[in-house]
*Asks:* 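Before anything else, here's the structure in question.
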Amino acid sequence: MTEDEARSLISQLSADLDRHNRLYYIDATPEVSDAEYDAQFRKLEELEKQFPELATPNSPTQRVGGDAIDGFEKKAHVVKMLSIDDMFSDSEVEDFFNRLVKNLGTDKIPVIIEPKIDGVAASIVYRNGVLDYAVTRGDGTMGDVITENVKTIRSIPIELPAGKFPSVFEVRGEIFMPNAGFAKLNQDREDAGLQTFVNPRNAAAGALKLLDSREVSKRPLDFIAHGVGQLEGLELESVTDFRKLLVELGLPTNDPTWHAETLEEILDAIRQLDVDRHGLEYGTDGAVIKVINRDDQEALGATSRAPRWAAAFKYPPEQKETLLKAITIQVGRTGVLTPVAELDAVFVSGTTVRRATLHNQDEIDRKDVRVGDTVMVHKAGEIIPEVIRMIPEKRPADSVPYSIFDEAKFDGESGRCPSCGGAIEQPEGFVAWKCVNYTCPAQMASKVKQFVSRKALDIDGVGNIVAEKLVERGRVGSPLDLFTLTVDELGAFNIGTGLEPRMLGEKNGAKIVQTCERAKREKPLSKWIYGLGIPQVGQSASAELARIHDSFQAIAESPILNELRTFKTGQKKEDSPFLAPYEIASEIGPTVAAAALEFFNGDIGKAVLAKMTELGIDPKSDNFAPKPSEVEVGSNVPLAGKTFVITGTLSAGRDEIKDQIQAAGGKVTGAISKNTDYLVAGEGGGSKLKKAETLGVAVIDEDGLAGLM
Ligand code: IVH
């Protein structure tokens with residue numbers, strides 16, 4: 001393909017993807033399937049990789065975020081971002097309306113009533129139709145520049161449709177996290193033993209504060225426009241005009257809305273919205289009433305704090321009493337045990353609530369809730385059912401404090417995983433208890449998914465559904481069982497349901513068996529370690545374990561890990577004459593050392609190793625270089641002892657480059673420090689380049705890297 005052909009294809013694909021984004025996120029009328037969208041997206045990504053000079057910062061591919069930054073710049077708002085006055089009763093609405101009547105000298109005043117979205121206010125400035133920058137509200141005068149984070153939000157266009165936009169257009173609105181995305185994010189965090197977010201607004205605010213936009217792109221944020229700041233090249237006469245403009249420009253509008261002219265109509269709309277808002281996919285906490293006509297708005301003016309032409313009626317958060325009948329324990333896909341309150345059904349904020357997570361033992365202790373208590377429930381952020389507190393006067397005399405350890409039972413025995421009967425533990429630094437049984441069925445599907453993932457053994461054909469079904473049907477009880485599958489068996493394997501069977505088919509079966517065989521012969525030790533999903537042992541730790549050990553057996557019997565596991569906080573590896581020569585990276589400390597030894601010397605690890613021997617699997621390290629200073633020139637691990645950071649766009653994916661560096665004995669970390677030896681920089685590596693310069697870290701490109709290997 002010539003550069004010209006590529007240019008036109010890139011522009012066509014970009015325009016198509018932008019359109020599909022809009023159809024999906026704004027109009028909710030997608031024309032293509034997710035798979036088709038993904039295919040086009042990947043095609044564009046590939047073209048941009050092939051022709052890096054044609055990639056623009058406004059390409060749809062840039063939605064996945066860029067380099068992390070060290071902190072947010074501040075920027076002044078050209079037009080001050082005002083707040084809004086709150087009202088809590090009908091009589092305050094009446095006062096507000098009467099003031100409008102008095103100041104405008106007429107008793108019919110066209111206003112619009114719309115939801116007050118419970119999110120984080122942001123200002124987005126388009127210059128000549130292109131998203132220029134985005135800022136938080138801050139103190140109203142000055143905010144944080146969050147452009148990169150905002151660009152990850154798919155419903156916010158990066159370019160406006162040609163010909164329709166004002167030359168300068170500052171759209172203001174609310175960034176929020178939809179309920180479903182919030183619930184999933186919290187579930188994932190709970191599974192990972194991380195602190196969950198209290199409500200969607202905190203989750204949205206937390207996401208926007210992240211310095212790494214790649215991380216932000218994984219958080220399900222959304223945006224709705226509700227106001228205008230700077231405006232040049234166009235006159236807007238009313239809120240109605242503004243809303244029309246939003247639709248033309250493909251920006252998300254705030255709906256539903258009501259028009260009213262009298263106090264009665266306003267109060268009716270407020271009441272109707274209180275019913276309708278519970279059907280929205282995001283949290284709302286009030287009704288905003290705005291004078292429609294811009295001339296009227298100007299005539300009314302503003303105080304230093306808020307405009308006089310708008311006000312917000314705040315709905316009281318609903319709280320109800322109900323009985324906590326029982327506390328059940330759920331085993332998550334990473335083995336985390338979550339206590340769940342089983343409640344007498346109660347209607348709160350628009351839906352019937354029967355269950356609410358109690359998160360963990362700490363939360364239960366803090367709130368002192370017990371089975372049999374009458375509790376007060378509400379919806380956090382008007383969304384997520386939550387037990388707020390127990391009501392002491394209603395506590396039964398015979399109630400006892402709740403202990404998740406005691407109540408986690410199997411066959412009547414405490415301290416056991418309710419799903420598999422395995423032992424439970426509270427890992428250090430963890431708020432939750434976990435089932436540590438490697439073969440726990442509740443966790444096995446996610447173990448298998450990790451095992452087959454590209455970062456591990458990269459086994460083609462075992463997607464999420466296949467993994468889940470293999471585990472569900474009892475055919476795979478440990479990742480290694482994958483190696484016992486035959487083409488015949490897989491071909492006839494039902495990945496549908498009993499009622500609607502769907503066979504995997506011989507072709508797919510053959511692919512799985514083939515890649516398993518290849519993995520068995522070719523995949524290096526580091527991938528196998530990571531694939532096994534040993535608690536505490538992530539990707540980087542796996543690579544480092546394989547650098548200092550050349551086989552599973554060596555890890556199981558490792559004197560290095562045995563020494564390291566005894567280290568106390570503050571004790572340094574460099575100060576130990578035994579450990580110093582290994583130059584062990586920070587990814588392996590006492591916790592990882594202990595976890596690895598425990599795994600391989602425990603029953604499960606021993607069974608795993610025995611099974612490997614039986615299957616003829618004995619992976620070797622491809623980055624073995626235990627004592628970097630003793631590595632000879634011309635060895636197969638020329639990067640031994642060197643630490644790398646990768647930034648910018650390179651000819652291959654970062655994971656691939658990372659693999660290459662690790663295979664040559666080097667280490668790859670995420671952030672630059674004085675211990676970094678090289679920064680490998682591709683196109684457009686911003687803040688990391690600066691940091692490397694400041695710290696005097698050598699910057700090399702891909703050719704430079706190739707030269708070292
Ligand atoms: S109008 C100058 N409309 O609520 C007029 N604000 O408590 C103020 N908010 O900072 C903005 N939904 O971020 C407006 N439909 C809506 C809103 C809304 C949420 C936020 C906004 C503002 C805050 C004031």
Side-chain angles (χ1 to χ4, degrees), residues 77-88 92-93 96 99-100 111-124 134-144 146 150 153 155-156 170-178 199-202 204-205 208 221-231 236 238-243 245-246 251-260 266 269-270 272-274 276-277 280-294 296-315 317 381-383:
H77 295 292
V78 177
V79 179
K80 199 173 167 196
M81 266 180 104
L82 294 175
S83 184
I84 196 165
D85 284 332
D86 289 333
M87 309 178 290
F88 298 95
E92 285 179 81
V93 180
F96 169 67
R99 275 197 304 274
L100 296 181
V111 296
I112 188 168
I113 294 95
E114 61 183 42
K116 184 170 193 309
I117 300 150
D118 200 9
V120 181
S123 142
I124 304 169
V135 195
T136 61
R137 196 176 96 94
D139 63 2
T141 311
M142 195 102 145
D144 288 336
I146 50 166
V150 163
I153 302 172
S155 53
I156 298 176
E170 174 187 355
V171 59
R172 291 176 173 178
E174 218 64 10
I175 293 173
F176 60 94
M177 193 174 287
N199 56 43
R201 187 168 42 74
N202 284 9
L208 289 176
L221 296 175
D222 206 340
F223 174 80
I224 282 178
H226 55 55
V228 56
Q230 291 180 76
L231 180 67
L236 288 176
S238 64
V239 174
T240 321
D241 276 2
F242 169 65
R243 291 176 56 90
L245 180 66
L246 292 177
L251 280 152
T253 53
N254 192 7
D255 295 292
T257 61
W258 286 262
H259 281 250
I266 293 175
I270 289 176
Q272 189 56 45
L273 175 55
D274 194 19
D276 294 358
R277 70 195 180 101
L280 298 174
E281 281 152 6
Y282 42 87
T284 54
D285 59 349
V288 180
I289 299 126
K290 295 174 180 169
V291 170
I292 290 182
N293 191 304
R294 293 259 287 178
D296 289 348
Q297 290 184 359
E298 253 163 58
L300 289 159
T303 66
S304 63
R305 213 190 81 80
R308 291 197 189 85
W309 49 264
F313 179 88
K314 296 287 277 283
Y315 296 112
E382 291 291 276
I383 310 300

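Start at 1 and go down the list; that is how both ligands and their atoms are numbered. Nothing here was measured: the structure is a model prediction, and the numbers come from that model.
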*Asks:* With heavy-atom distances below 4.0 Å as the criterion, list the atoms of ligand 1 near Lys290.
*Replies:*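 The list of qualifying atoms is 1 (S), 3 (N), 14 (C).
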*Asks:* Looking at Pro307, which atoms of ligand 1 are within less than 4.0 Å of one of its heavy atoms?
*Replies:*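 Once the distances to Pro307 are compared, the set is 2 (C), 5 (C).
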*Asks:* Could you please spell out the steps behind the side chain to side chain contact (heavy atoms under 4.5 Å, CB included) verdict for Leu221 and Met177?
*Replies:* CA-CA 5 Å; Leu221 296 175; Met177 193 174 287; 3.9 Å; yes
*Asks:* Please say whether Ile117 places an N or O atom under 3.5 Å from an N or O atom belonging to ligand 1.
*Replies:* yes
*Asks:* Checking the N or O distance criterion of under 3.5 Å, is ligand 1 in contact with Glu174?
*Replies:* yes
*Asks:* Among all protein heavy atoms, pick the one closest to atom 14 (C) of ligand 1 and tell me residue, atom and distance.
*Replies:*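 Answer for atom 14 (C) of ligand 1: His226 ND1, 3.5 Å.
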*Asks:* Should you measure from each heavy atom of Asn254, which atoms of ligand 1 turn up under 4.0 Å away?
*Replies:*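 Ligand 1 atoms under the 4.0 Å threshold to Asn254: 15 (N).
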*Asks:* Any donor-acceptor pair under 3.5 Å linking the side chain of Lys80 with the backbone of Ser304?
*Replies:* yes
*Asks:* Could you tell me whether Arg243 and Asp255 make a salt bridge, using a distance below 4.0 angstrom between a side-chain N and a carboxylate O?
*Replies:*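 The answer is yes: the pair qualifies as a salt bridge.
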*Asks:* For ligand 1, is any non-hydrogen atom under 4.0 Å from Ala312's backbone (N, CA, C, O), its side chain (CB onward), both, or neither?
*Replies:* neither
*Asks:* I'd like to check which ligand 1 atoms, numbered from 1 as shown, lie under 4.0 Å from a non-hydrogen atom of Glu114.
*Replies:*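 Reading through ligand 1 atom by atom, the close ones are 3 (N), 15 (N), 16 (C).
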*Asks:* Please check: side-chain N/O of Thr257 versus main-chain N/O of Glu114, any donor-acceptor pairing under 3.5 Å?
*Replies:*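 Absent.
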*Asks:* Could you tell me whether ligand 1 has any atom less than 4.0 Å away from a heavy atom of Gly119?
*Replies:*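 So Gly119 does not count as touching ligand 1.
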*Asks:* Within the 4.5 Å heavy-atom criterion, are Arg201 and Asp285 side-chain neighbours or not?
*Replies:* no
*Asks:* Quick one: does Asn254's side chain have a donor or acceptor within less than 3.5 Å of a partner on Pro115's backbone?
*Replies:* yes
*Asks:* List the steps, then state whether side chain to side chain contact (heavy atoms under 4.5 Å, CB included) holds for Val111 with Trp309.
*Replies:* CA-CA 9 Å; Val111 296; Trp309 49 264; over 6 Å; no
*Asks:* Does an N or O anywhere in Pro115 fall below 3.5 Å from an N or O of ligand 1?
*Replies:*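 The answer is yes, given that Pro115 and ligand 1 share an N or O pair closer than 3.5 Å.
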*Asks:* Give the numbers and elements of all ligand 1 atoms closer than 4.0 Å to a heavy atom of Val288.
*Replies:*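 Checking each atom against Val288, I get 3 (N), 15 (N), 16 (C), 17 (C).
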*Asks:* Tell me, do Arg172 and Arg137 make a side-chain contact under 4.5 Å, heavy atoms counted?
*Replies:*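 They are not in side-chain contact.
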*Asks:* Would you confirm whether any non-hydrogen atom of the protein falls under 4.0 Å from atom 21 (C) of ligand 1?
*Replies:*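 There is a protein heavy atom less than 4.0 Å from atom 21 (C) of ligand 1.
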*Asks:* If we set the cut-off at 4.0 Å for heavy atoms, which region of Val120 has an atom near ligand 1: side chain, backbone, both, or neither?
*Replies:* neither
*Asks:* Which pairs of donor and acceptor atoms, one on a side chain in residues 222-230, lie under 3.5 Å apart (sequence neighbours left out)?
*Replies:*
unit_1, atom_1, unit_2, atom_2, d
Asp222, OD1, Ser155, OG, 2.5
His226, NE2, Glu174, OE1, 2.8

*Asks:* So which protein heavy atom does atom 4 (O) of ligand 1 come closest to, and at what separation?
*Replies:* Lys116 NZ, 3.0 Å
*Asks:* With heavy atoms of Arg137 as the reference, note each atom of ligand 1 found under 4.0 Å away.
*Replies:* 10 (O)
*Asks:* Is ligand 1 under 4.0 Å from a heavy atom in the side chain of Ala310, in the backbone, in both, or in neither?
*Replies:* neither
*Asks:* Is a donor on one side and an acceptor on the other found under 3.5 Å between the side chain of Asp144 and the backbone of Ile146?
*Replies:*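 Absent.
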*Asks:* Within the distance-only criterion (no hydrogens, no angle test), does the side chain of Arg305 pair as donor or acceptor with the backbone N or O of Ile84 below 3.5 angstrom?
*Replies:* yes
*Asks:* Which bit of Met81 is near ligand 1, meaning a heavy atom under 4.0 Å away: side chain, backbone, both or neither?
*Replies:*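 Near ligand 1, Met81 shows nothing, with every heavy atom at 4.0 Å or more.
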*Asks:* Show which atoms of ligand 1 fall inside a sub-4.0 Å distance from at least one heavy-atom site of Ile84.
*Replies:*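 Counting from 1, the qualifying ligand atoms are 7 (O), 24 (C).
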